[in-house]
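Read through the structure below, which is laid out as structure tokens, and then see the notes.
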Amino acid sequence: MATTAPPANTIRKGVQPLRAGQGNSFLWRRLHSLSGIVPIGAFLIEHIISNFEILNGPLAYAKQVQFLNSLPLVRVLEWAFIFIPLAFHALYGVFIAFRGRSTVNVYPWAGNYMYVMQRVTGIIALLYIGQHVWRQRFSGVSLPEHPGAAFAKVQHELSNPWMLAIYVIAMIATTWHFAYGIWLFAAKWGITPGDKARKRFGYICAAFGTALCIMGLASIVSIVMAPPAPDDVMPEKPAVTAQASPSTEFRHPENYGSRQ
């Protein structure tokens, strides 16, 4: 007895969570994935670790900011490895987000929720990073020239309850986006072939992202709970003018009067 073949449009359970693209899309998506790990991901880790110095007080944080801004060719490194890659990753990520189609309402499985959350957290991170860079880097007192003002500048910003809420939400969203981005990177680049490898690596990424998030939130709590810091904990020292020392002044002939 002949059997009928299943319809060609039979819906399979779930959807493909990883799509590499074709042609130029494949290349741009790979560059987008790579830029999220290096250099943006590396900078995020460094940034959270540097901000963790806040727990040691305003002076320790100021010294950390001073050290970072004293690195050779720091402005070239800043643009070449932070601003430009970040702009590419963010803009192409927005392009992918608006071109993609969510199927959570049809296939409510974990892969689809991760797909949506990766794009939602990416938009949150983009909006937060944009205002954060403007406020802390290009607005108000210039921290590269006045690193001692870093603690007070952030503390003043977080004195606004709305801004504090934005920082907390953005920290959670950014670290989640990065942790899941690492998992996607490993899967797309063939580092974790197979479902078991991806599942195990998923636990590692979740633990790593949680650790980064806790460090970031601890820095926020520490600076909010700290006593008000001075405007600059490393004020510029006044220039030393050439003048006679007390001992020299004492031995000047005019100071001896009529003594012979």
Side-chain angles (χ1 to χ4, degrees), residues 11-21 25-26 28-45 47-48 85-133 162-192 194-220:
I11 299 176
R12 298 179 61 186
K13 183 177 180 180
V15 295
Q16 293 290 338
L18 304 174
R19 293 182 293 178
S25 175
F26 175 83
W28 289 118
R29 284 177 180 268
R30 284 298 179 96
L31 289 176
H32 178 259
S33 176
L34 181 62
S35 65
I37 305 300
V38 180
I40 299 174
F43 169 71
L44 176 63
I45 295 173
H47 193 60
I48 291 178
L86 183 60
F88 164 73
H89 187 84
L91 294 176
Y92 193 72
V94 171
F95 173 76
I96 294 175
F98 281 97
R99 284 197 62 187
R101 292 182 299 173
S102 171
T103 57
V104 173
N105 59 330
V106 180
Y107 301 111
W109 283 287
N112 290 289
Y113 281 115
M114 293 294 189
Y115 175 89
V116 173
M117 286 300 298
Q118 185 69 351
R119 278 137 187 82
V120 170
T121 55
I123 297 296
I124 294 174
L126 171 61
L127 295 176
Y128 164 73
I129 292 172
Q131 69 84 29
H132 180 69
V133 170
W162 289 103
M163 188 58 65
L164 175 60
I166 290 174
Y167 263 66
V168 171
I169 294 172
M171 181 59 64
I172 296 172
T174 303
T175 51
W176 193 98
H177 185 84
F178 178 51
Y180 187 59
I182 296 175
W183 184 88
L184 285 175
F185 175 82
K188 288 181 178 180
W189 289 72
I191 300 174
T192 54
D195 292 338
K196 289 185 178 180
R198 291 174 183 172
K199 185 176 181 179
R200 292 172 182 172
F201 190 62
Y203 291 127
I204 297 175
C205 292
F208 181 62
T210 300
L212 287 179
C213 185
I214 291 174
M215 290 179 65
L217 293 177
S219 301
I220 294 174

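One is the number of the first residue; the rest follow in order along the sequence. Keep in mind that this is a model prediction, so the values were computed, not measured. FYI, side chains are in, hydrogens and waters are out, and symmetry mates aren't considered; it's all heavy atoms of this structure.
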A side-chain contact here means heavy atoms from C-beta on lying under 4.5 Å apart; do [X] and [Y] qualify?
X: Arg119; Y: Ile96; answer: yes
X: Met117; Y: Tyr180; answer: no
X: Ile40; Y: Phe178; answer: no

With sequence neighbours excluded, residues passing side chain to side chain donor-acceptor pair (under 3.5 Å) with [X]:
X: Ser35; value: His89
X: Thr121; value: His177
X: Tyr128; value: none

Handout entry: Sidechain-backbone polar pair: Trp183 side chain, Arg198 backbone, donor-acceptor under 3.5 Å
Key = yes

Sequence-distant partners of [X], side chain to side chain contact (heavy atoms under 4.5 Å, CB included), two or more places apart:
X: Leu31; value: Leu27, Trp28, Phe88
X: Val120; value: Val116, Ile124
X: Leu127; value: Ile123
X: Ile48; value: Leu44, Met171, Thr175, Leu212, Met215

Gap between atom [atom2] of [Y] and atom [atom1] of [X] - 0.5 Å precision:
X: Gln131; Y: Met163; atom1: CD; atom2: CE; value: 5.0 Å
X: Tyr167; Y: His132; atom1: OH; atom2: NE2; value: 4.5 Å
X: Phe185; Y: Lys188; atom1: CZ; atom2: NZ; value: 10.5 Å
X: Ile214; Y: Ile172; atom1: CD1; atom2: CD1; value: 10.5 Å
X: Trp176; Y: Met114; atom1: CH2; atom2: CE; value: 5.0 Å

Exercise for the section: Report the residues that fulfil ring pair (Phe, Tyr, Trp, His ring centres under 6.0 Å) with Phe201, sequence neighbours left out, ordered by chain and then residue number. Expected result: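 In terms of ring pair (Phe, Tyr, Trp, His ring centres under 6.0 Å), with neighbours along the sequence ignored, Phe201 is linked to no residue.
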
Problem - Minimum-distance pair of heavy atoms, taken over all atoms of Arg30 and Trp189 - result: O-CZ2, 3.6 Å

